[in-house]
Amino acid sequence: MIGGVISMKINLPIEDVISSIVIKGPSISLNKEAIIGKLPEATVSHLEQKVNEINQSDIELKTNSIVETLIISVVNHLLTSVIGLIVNIGYAEFCKRYEAHKLYGGSCNE
């Protein structure tokens with residue numbers, strides 16, 4: 001669509017993402033069972049990579065900062081993925097393919 005406004009929403013399962021983050025002392029882990037099937041596999045892998053990066057860093061973060069960082073990472077990954085799909089297949093095709101998807105269902109409004 002050229003010159004128009006496209007709006008969409010992502011039905012992000014925030015509670016599931018938060019509950020998947022397990023913080024025990026200085027170590028962070030990911031309970032993937034809490035988010036498998038609710039997020040795309042690539043996003044789960046991305047989140048797992050971010051958890052590993054935080055564990056390997058020397059920076060000490062507070063619990064809230066860790067959770068915020070990981071949620072922002074998930075949102076950015078999903079948005080980048082969606083934008084990539086829309087660029088590759090077009091908005092109308094994206095809406096047609098994903099109208100029943102848990103994350104994107106009912107999100108295509110022109």
Strictly distance-based, threshold 3.5 Å: is any side-chain N or O of Thr43 a donor or acceptor partner for the main-chain N or O of Leu39? no
Mind checking whether Val74 and Ile35 have side chains closer than 4.5 Å, heavy atoms only? no
With a 4.5 Å limit on heavy-atom distance, are the side chains of Glu53 and Gln56 in contact? no
Side chains of residues 18-28: which donor-acceptor partners sit under 3.5 Å, not counting sequence neighbours?
| unit_1 | atom_1 | unit_2 | atom_2 | d |
| --- | --- | --- | --- | --- |
| Ser19 | OG | Glu15 | O | 3.3 |
| Ser19 | OG | Asp16 | O | 3.1 |
| Ser20 | OG | Val17 | O | 2.6 |

I'd like to check the salt bridge (charged side-chain N to carboxylate O under 4.0 Å, His left out) partners of Glu93; sequence neighbours left out, ordered by chain and number. Lys96, Arg97
Heavy-atom closest pair (Val82 atom, Phe94 atom, distance to 0.1 Å) is CG1-CZ, 4.1 Å
Indicate the atoms forming the closest heavy-atom contact of Val44 with Lys32, along with that distance. CG1-CD, 3.9 Å
Is it possible for you to say whether Ile72 and Leu103 belong to one hydrophobic cluster, with membership spreading through side-chain heavy-atom contacts below 4.5 Å? no
Do Ile86 and Leu79 share a hydrophobic cluster, counting only Ile, Leu, Val, Met, Phe, Trp and Tyr and linking them when any side-chain heavy atoms are less than 4.5 Å apart? yes
Just wondering, do Leu30 and Leu70 contact through their side chains at under 4.5 Å, heavy atoms? no
Could you tell me whether the side chain of Leu85 reaches within less than 4.5 Å of the side chain of Tyr98, counting heavy atoms only? yes
Hey, could you give me the CG/CG distance between Leu78 and Leu47, rounded to the nearest 0.5 Å? 10.0 Å
Using modelled atom types and a 3.5 Å cut-off, is there a donor and acceptor pairing between side-chain atoms of Ser73 and backbone atoms of Thr69? no
For residues 18-38, which residue pairs pass the ring pair (Phe, Tyr, Trp, His ring centres under 6.0 Å) check, not counting sequence neighbours? none
How many angstroms lie between CD in Gln49 and NE2 in His77, if you round to the nearest 0.5 Å? 8.5 Å
